[in-house]
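To keep things clear, I will list the structure first and then write my remarks on it.
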Amino acid sequence: MSNFKIFKKGFKNGIPIFLGYLAVSFAFGVMAVGKGVLPHQAILISATNLTSAGQTAAIDIIVASGSFVVMALNQLIINLRYCLMSSSLSQRFDTKTKWYHRYLIAFGVTDEIFAVSSAYNAENVPPAYCYGLIAAAFPGWVLGTALGCYSGDILPASVLGALSVALYGMFIAIIVPPTKKNPVLLLIVMFSMIASAVFEWIPQFISSLSFLQSEFKVIILTVVIATAAAIFFPVKEEENSSE
Amino acid sequence: MNKVYIYMFIMAVVTYLIRMLPLALIKKKITNRFFKSFLYYVPFVTLAVMTFPAILGKIETGNLLSALPEAVAFVTAMIIAYCGGSLPIVATVACVVVFVVELFI
């Protein structure tokens with residue numbers, strides 16, 4: 001398949017990300033302007049960061065005039081999950097992938113772009129596919145922020161609520177189909193969801209555990225469950241690289 | 001208010017480095033079976049953890065019904081995905097289900 005065809009395929013699969021981002025970043029734009037950040041600043045933040053939770057937390061620090069160290073540490077902790085995602089994605093690139101592809105695609109490693117890249121149906125993910133996803137997703141993120149900043153009441157809440165579910169629907173479409181052929185994956189996906197719910201709901205009764213509800217939850221559970229899975233169900237050698 | 005641009009710069013640099021370093025530094029295929037398996041399972045675990053129960057949204061205390069549209073969308077998406085629905089279809093159906101169920105409650 002030619003690079004342009006692969007790019008187009010990525011772009012097409014990126015359209016649900018575009019729609020989901022439109023809704024989520026719209027909410028971010030409304031929130032940022034509501035808290036006193038100027039529209040062009042909020043848009044610039046979206047264009048340079050491309051991440052939801054990190055940006056939302058950052059607005060609070062900016063508004064409160066927090067220290068630069070606090071800002072750096074806050075972003076490090078909230079966005080640390082991208083480190084795991086990039087590490088996982090590194091194994092899906094051809095070893096000959098040029099350095100500039102790695103440096104450029106790195107900018108677009110969001111939860112959603114990572115998710116759809118991971119689901120690529122071959123051992124190696126071609127860079128053109130990632131660029132296609134980014135080309136669809138990035139405008140959605142920036143455009144949604146701008147719409148939220150300048151016209152917070154353009155979309156009714158019901159439409160926003162419905163659109164933001166698109167991203168979760170996408171995650172489900174990525175992790176569920178492979179479980180049909182691999183019962184171990186089904187077990188791991190189910191266990192992860194149950195563990196996530198327990199971590200989410202228990203702190204509502206024990207307030208000292210509330211830190212578990214934050215971005216720590218994703219990192220802690222990913223490291224613990226993926227480690228356990230790797231110990232108990234190591235992938236078979238023949239499932240590995242085709243080299 | 002120029003301080004905002006310094007914040008912006010710090011955010012962008014920290015976030016980019018977190019994403020870039022693993023991709024720039026891990027250029028070879030890892031052969032260690034444990035790490036290979038770990039990185040293979042990472043997407044499944046991370047995405048499962050991020051999807052549920054977050055998809056339900058903020059559940060208002062004493063009003064479990066507020067999460068009904070999302071709950072129905074979750075179950076529907078899981079079933080369609082298991083039956084082989086493609087990505088755009090599962091995402092679209094999830095949206096439509098939320099929108100429609102919201103009309104009825």
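Chain identifiers are assigned alphabetically (A, B, ...) following the order of the sequence lines, protein sequences preceding nucleic acid strands; residue numbering begins at 1 within each chain.
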| query | How about B:Val4 and A:Leu38: do any of their side-chain heavy atoms sit closer than 4.5 Å? | reply | no
Using only atom types and a distance under 3.5 Å, with no angle test, would you say the side chain of A:Arg102 pairs donor to acceptor with the backbone of B:Met20? no
Note to self: Less than 4.5 Å apart, side chain to side chain, heavy atoms only: is that true for A:Glu200 and B:Leu56?
What the structure shows: no
A cation-pi test, strictly: NZ or CZ of B:Lys3 under 6.0 Å from the centre of the six-membered ring of A:Phe68 and no more than 45 degrees from its axis. Yes or no? yes
Okay, A:Phe233 and chain B: the region with an atom under 4.5 Å from a heavy atom over there is both
One should read off an interatomic distance between B:Phe44 CZ and A:Ser118 OG, to the nearest 0.5 angstrom, of 8.0 Å
Exercise. Do the side chains of A:Val218 and B:Met50 get nearer than 4.5 Å, heavy atoms only?
Worked result: yes
| field | Check: B:Leu39 main-chain N/O paired with A:Ser88 side-chain donor or acceptor under 3.5 Å | value | yes
When the 4.5 angstrom heavy-atom criterion is applied to A:Ile15 and chain B, the contacting part is neither
(request) Inspect the surroundings of CZ in B:Phe34 and state if more than 12 heavy atoms from other residues, nucleotides or ligands are less than 6.0 Å away. (result) yes
ask   = Is the backbone of A:Phe93 close enough, under 3.5 Å, to the side chain of B:Lys29 for a donor and an acceptor to pair up by distance?
value = yes
Rounding to 0.5 Å, atoms OH (A:Tyr168) and CG (B:Leu47) come to a distance of 11.5 Å
Turns out that what part of B:Ile10 lies under 4.5 Å from chain A's heavy atoms comes down to side chain
Legend entry - Contact check, side chains of B:Val14 and A:Asn79, non-hydrogen atoms, under 4.5 Å: no
Original post:
With a 4.5 Å heavy-atom cut-off, do B:Phe74 and A:Ile172 have their side chains touching?
Top reply: yes
Okay, A:Leu76 and chain B: the region with an atom under 4.5 Å from a heavy atom over there is both
Cut-off 4.5 Å, heavy atoms of chain B, and the answer for A:Ser65 is both
- Task: Indicate yes or no: at least one non-hydrogen side-chain atom of A:Ser90 is less than 4.5 angstrom from one of B:Pro22.
- Result: no
*asked:* Measuring only between side-chain heavy atoms, which start at C-beta, is A:Thr110 closer than 4.5 Å to B:Arg19?
replied: yes
Carefully, step by step, assess B:Val97 and A:Val165 under the rule side-chain contact (heavy atoms from CB on, under 4.5 Å).
-> CA-CA 10 Å; B:Val97 166; A:Val165 175; over 6 Å; no
Discussion item. Applying side-chain contact (heavy atoms from CB on, under 4.5 Å) to A:Leu84 and B:Phe38, what does each step give before you reach the verdict?
Written reply: CA-CA 10 Å; A:Leu84 284 172; B:Phe38 176 81; 4.1 Å; yes
- Query: Would you say the side chain of A:Thr227 lies within less than 4.5 Å of the side chain of B:Tyr41, judging by non-hydrogen atoms?
  - Reply: no
Give the C-alpha distance, both sets of side-chain angles, the deciding distance and a yes or no for side-chain contact (heavy atoms from CB on, under 4.5 Å) between B:Tyr5 and A:Leu44. CA-CA 9 Å; B:Tyr5 296 98; A:Leu44 203 55; 4.1 Å; yes
Backbone of B:Val49 reached by a side-chain donor or acceptor of A:Ser196 within 3.5 Å:
yes
OG1 of B:Thr92 to CG of A:Leu19, rounded to nearest 0.5 Å, is 7.5 Å
d(B:Thr46 OG1, A:Met85 CE) to nearest 0.5 Å is 5.0 Å
For this session: Look at the rings of A:Phe107 and B:Tyr16 and say which category their plane angle falls in: under 30° parallel, 30 to 60° tilted, over 60° perpendicular.
Result: tilted
Examine distances only and state if a side-chain atom of A:Gln91 and a backbone atom of B:Ile30 form a donor-acceptor pair shorter than 3.5 Å.
yes
